[in-house]
Amino acid sequence: RLRKWQRRIRVSDASERNLAFALSELDRIASKLGLPRNVRENAAVLYRGAVEKGLIRGRSIEGVAAAALYAACRRCRVPRTLDEISEASRVDRKEIGRTYRFLSRELGIKLAPTNPIDYVPRFASELGLPGEVESKAIAILQKAAEKGLTSGRGPTGVAAAAIYIASVLLGNRRTQRDVAEVAGVTEVTIRNRYKELTEHLDIDVTL
Amino acid sequence: MNNTGEIMEPKIKIVNVVVSTQIGSDIDLEEAALILDNAEYEPEQFPGLVCRLSEPKVALLIFRSGKVNCTGAKSKEEAEVAIKKIIKELKDAGMDIIDDPEVKVQNMVATADLGIEPNLDDIALMIEGTEYEPEQFPGLVYRLDDPKVVVLIFGSGKVVITGLKKEGDAEIALNKILETLREIEEIK
DNA sequence: GCTTTAAAAAGTAACGT
DNA sequence: ACGTTACTTTCGAAAGC
């Protein structure tokens, strides 16, 4: 009766309020990371799907929103690392990773492992590198993947090393330190990947 | 040339065995902490008493209920030796302890080598129930249903098998993985 | 879900020298 | 640029938050 009706109103009120909050969270994090509109929309679709399947129970709205955004970024091939999403959302990276696995399983989303190549455009532009360097780095990564040199390595680290090598080869050198900073890895990692790539792909990087 | 043939790949090594048992009930952990040498008991941090033995090199967790966990052993026998050691120490100090309790293997961890360097991306894309996030961890996580175990597969071909209850399941799991890998190669 | 224990795999990180 | 230590992942049991 009236009471049941009132409860329904309350529930739908709460649901709408939560959804509105989630969508504003998605927008807040997305704009902080400078993500394009299609990624935000993709994340919103994922979030609504999670709501419809009751996957939010026992989880925080912020956590699910962050995980949806992480998944959307990968889907749209403009990946952000868990650390970047974590920093922008103030949700623990462990929780984002856990929720992401849960969502991809429950929503039947099978995403391929992040391809290092997808990080190249963003890192290269942040380093102010021209298109030729970007293309060269991508070519290096394609060869590296064929020879199994990317398996098990962090995608950002391999991408960073490829960009560093390409920048040196094409006379637009960036320091390991600068590349490391935009890629969010240490210089040691770039050096390790650099050695591996130049040795196994017969690249002469004479300074 | 190898005179033993080619079927010696599954050189499986058990690197850790987790066992549980019961040595009594209503154990006074404060008292036990004083009796046992390398014992730590901080109920604020964890309800169990932690005791490390150097021979065998294991760690034991003792609870107020009398339940005991032993980790770090290389075999069930080694874990039993460790449990008998603490039982003797506690009994000699006058505590009410069960003499030779039944121990149950709860988990075993093994390492092995596939003998080939698998393409983790291919496995991740073609096999359901696998997780591979190189950004987070270099190994691919493969959960098997038949022997209910989890296998971590690395680009080097090295493998870690955990969740084992029986030692023999390690080889069964390994062979299933190798068979699956062959199927992937055929499809490719 | 977390806390504590042990162990391996390979990559990455953060110290010190 | 090294080297060392330590963290990431997986598993299970325990009692309690």
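Throughout, protein chains are lettered first and strands after them, A, B, ... in sequence-line order, and every chain is numbered starting at 1.
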Rounded distance in Å between the [atom1] positions of [N] and [M]:
N	M	atom1	answer
dA6(D)	dT4(C)	P	15 Å
dA8(C)	dC2(D)	P	26 Å
dA7(C)	dA15(D)	P	24 Å
dC2(C)	dT8(D)	P	11 Å

Query raised in the report: Would the Tyr164(A) and Phe123(A) ring centres measure less than 6.0 Å apart?
Result: no
Check whether any side-chain N or O of [X] sits under 3.5 Å from a backbone N or O of [Y] as a donor-acceptor pair, and report yes or no.
X	Y	value
Arg193(A)	Arg153(A)	no
Asn16(B)	Gly72(B)	yes
Gln22(B)	Gly24(B)	yes

Requested in this report: For the pair Glu87(A) and Lys32(A), find out whether any cationic side-chain nitrogen is under 4.0 Å from an anionic carboxylate oxygen.
Outcome: no
Query - Closest-nucleotide ordering on DNA chain C, the 5'-leading residue of Gln45(B) and Thr189(A) - result: Gln45(B)
Query raised in the report: More 5' along DNA chain C: Lys74(B) or Lys94(A), using each one's nearest nucleotide?
Result: Lys94(A)
Report task. Indicate for each nucleotide in nucleotides 10-16 of chain D, in 5' to 3' sequence, whether protein heavy atoms under 4.0 Å reach the base (B), only the sugar-phosphate (S), or nothing (-). Result -> BBBBBBS
Please classify the nucleic acid contact of [X] as base, sugar-phosphate, or nothing, using heavy-atom distances under 4.0 Å.
X	value
Val58(B)	nothing
Arg193(A)	sugar-phosphate
Gly139(B)	nothing
Lys104(B)	nothing

Query raised in the report: Among the nucleotides dA1(D), dC2(C), dA8(C), which one has an atom lying closest to any side-chain atom of Arg191(A)?
Result: dA1(D)
Report summary line: Per the under-4.0 Å heavy-atom filter, residues of residues 75-83 of chain B near DNA chain D come out as none
Requested in this report: State, yes or no, whether a side-chain contact exists between Met95(B) and Glu31(B) at a heavy-atom distance under 4.5 Å.
Outcome: yes
